[in-house]
Asks: 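My structure is below; once you've seen it, I'll send some questions.
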There are 2 protein chains.
Amino acid sequence: MPVASAPSRRVADRAVDANHPIALLQSNSLPTLVQRELERMILAGDLAAGEQLREVEVAAMLGVSRGPVREAFRALEESGLVHLEKNRGVYVRQIGVHEADEIFELRALLDEFAGRRLAATATAEALAELRAIVAAMDAAASAGDVDAYLAANIGFHDRLVALAGNDKLLRVYRRLVNELHVFRRTSLARGDTLPASTREHHDILKRIAAGDPDGAGRAMRAHVDASRTRMHATWARAGGASPAGAPAAKRRRAAS
Amino acid sequence: MPVASAPSRRVADRAVDANHPIALLQSNSLPTLVQRELERMILAGDLAAGEQLREVEVAAMLGVSRGPVREAFRALEESGLVHLEKNRGVYVRQIGVHEADEIFELRALLDEFAGRRLAATATAEALAELRAIVAAMDAAASAGDVDAYLAANIGFHDRLVALAGNDKLLRVYRRLVNELHVFRRTSLARGDTLPASTREHHDILKRIAAGDPDGAGRAMRAHVDASRTRMHATWARAGGASPAGAPAAKRRRAAS
DNA sequence: TGTTTGCAGATTGTTGACAATCGACAACGC
DNA sequence: GCGTTGTCGATTGTCAACAATCTGCAAACA
């Protein structure tokens, strides 16, 4: 209960803050928290593509019973991050280069749309914000800090799409980016590709700031297509199709 | 076990058909079947937007225990068809006009892409298939059969997108269309809008068959934008924002 | 030696029981 | 009459137990 600070306000008008333990407990169930934690672990690379997640282990690790874990698995499967196979277990999904290509193709479309929209609607505040993110990326590239660069890169694109003002677009986009995250090789950007990537970001920002929808859309698409090309180069250099140790040949039956 | 029909084939080489009861049992769990049935009921309108789904009732209706129902609910929530609220229950989602607008905006983008792709790649078989669907739509429009028209309309767009050849696009598209389905008013197309809609389909097909990506893309976008405009007209005539009887005001807390 | 059979252990799938939460309604007090 | 408190029933959240499935390995057999 909040401490009384204004005698003129009735107790009933003073709701607790959303971060108050009471509110947190009322709005979060175990399956939701398990889902979030597993998603975090998958996106952070703590759980590898193809890795099996055993209910009993996950439940023990998180201190819950198997029920909430099973529920979380169902949600994670629907979001594309894991794959259930009846009677055989749950596996972190593996994304092959073909699927990555499809995601890039879609991303190019969505990023272009966002760029065009922003070129027409961006406020001074939005531009300042994007400039700050690009500056942080520049700093990371200069320092050769690939991890920091990637984090800022993801943040840049996410913010661009968020500023486009279509929430449904943002949700679809985030889901695609999460799936692409599972495609581990794409996250292994190398220091020698950062300069090109950085130039592309500047180009995008310049055209958005100039209020040039056609130019911004083209720059966004060119950037995503170039990222896709860089992905292929990295993939080829790493040896192409590698089953990554997953028991793919053993899993013949359909899911759940 | 399959009946021996060719003595030259070893028993181990004769897998059962995917529709054999053994294969069906091995590849389908109760939560998956529950999910499918509830999804079917929601899309068919058997479960109304805003309607509460009680675990015990659903379990009794489908003859299973609550566990698989709960798991199905998690998947359905992630797919956007229902909404869980901790300690209060599960509700078929309600889509407002703002969200419908966002979906239409996205659809226009995706449909345009599909149209452009098809104009460049469609085979004679694909064109024949699309022509057959458009002919079926014509017949339904002539007969004033709105339901048959809508079914064929959904089939036409789905097939168009499927033929574009990007599986990820198709999955995203289907998810959006399913969500739009929950927006009940859009399914209430009236007989007097069918002629315009029919002309638009013919225009799309003509440009795809002509191998005109720009024209096909424009025609697709124009068609989706016109559908959106018709949606608004229907919405306005029906009285605009109507909470559809859902206990919206009572549900203040966040989901699960 | 290669193949088949049987068994045990690991894991998943489902169910039912108990605990917890919430809303509605009746009873009580001012 | 209105506001507060208490109770009950409906429903959800979680857990543990049991059943079922699958895989790997050892033993038996040809």
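No experiment lies behind these values; they were computed from the predicted model shown. So you know, we letter chains A, B, ... as the sequences are listed, proteins then strands, and number each from 1.
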Asks: Just the rounded figure in Å: distance from C1' of C/dT11 to CD of A/E51.
Replies: 16 Å
Asks: Can you name the nearest heavy-atom pair linking B/V34 to B/A72, along with the distance?
Replies: CG1-CB, 3.5 Å
Asks: Without decimals, in angstroms, what is the distance between B/N87 CG and D/dG9 P?
Replies: 20 Å
Asks: Need one value for B/G89: base, sugar-phosphate or nothing, where a base atom within 4.0 Å counts as base even if backbone is also close, heavy atoms only.
Replies: sugar-phosphate
Asks: Nearest-nucleotide wise, let me know which of B/L25 and A/S65 is further upstream toward the 5' end of DNA chain D.
Replies: A/S65
Asks: Starting from C1' on D/dG13, measure out to CZ on B/R74 and report it in whole angstrom.
Replies: 9 Å
Asks: Between C/dT14, D/dT14, C/dT11, spot the one nearest the side chain of A/R54, thanks.
Replies: C/dT11
Asks: In whole Å, what is the span from the CD atom of A/E55 to the C1' atom of D/dT14?
Replies: 15 Å
Asks: Which of these nucleotides, C/dC22, D/dG13, C/dT15, is closest to any side-chain atom of B/L30?
Replies: C/dT15
Asks: Between D/dG13, D/dT14, C/dT14, which nucleotide gets closest to the side-chain atoms of A/R66?
Replies: C/dT14
Asks: Atom CD of B/Q26 and atom C1' of D/dT21: how far apart are they, to the nearest Å?
Replies: 9 Å
Asks: Starting at atom CD of A/E71, determine the distance to atom P of D/dT14, rounded to an integer number of angstrom.
Replies: 7 Å
Asks: When we call it a touch if two heavy atoms are under 4.0 Å apart, what does A/L53 touch: a base, just sugar-phosphate, or nothing?
Replies: sugar-phosphate
Asks: Does a salt bridge link B/R36 with B/E39, judged by any charged N lying under 4.0 Å from a carboxylate O?
Replies: no
Asks: Applying ring-ring contact (aromatic ring centres under 6.0 Å, His included), name anything that partners B/F113, two or more places apart in sequence or on another chain.
Replies: none
Asks: Whole angstroms only, please: what is the NZ-P distance between B/K86 and D/dA10?
Replies: 23 Å
Asks: For B/V64 and for A/Q52, locate the closest nucleotide of DNA chain C by heavy-atom distance; then report the residue assigned to the nucleotide nearer the 5' terminus.
Replies: A/Q52
Asks: Going by the rule salt bridge (charged side-chain N to carboxylate O under 4.0 Å, His left out), which residues pair with A/R70 if we only count those two or more places apart in sequence or in a different chain?
Replies: A/E55, B/E71
Asks: Please determine, for the side chain of A/R70, which listed nucleotide (D/dC15, C/dC22, C/dT12) has the closest atom?
Replies: C/dT12
Asks: Verify whether one side chain among A/Q35 and B/E78 offers a donor that lies under 3.5 Å from an acceptor in the other.
Replies: yes
Asks: Tell me the interatomic distance from B/L84, atom CG, to D/dG13, atom P, rounded to whole angstroms.
Replies: 7 Å
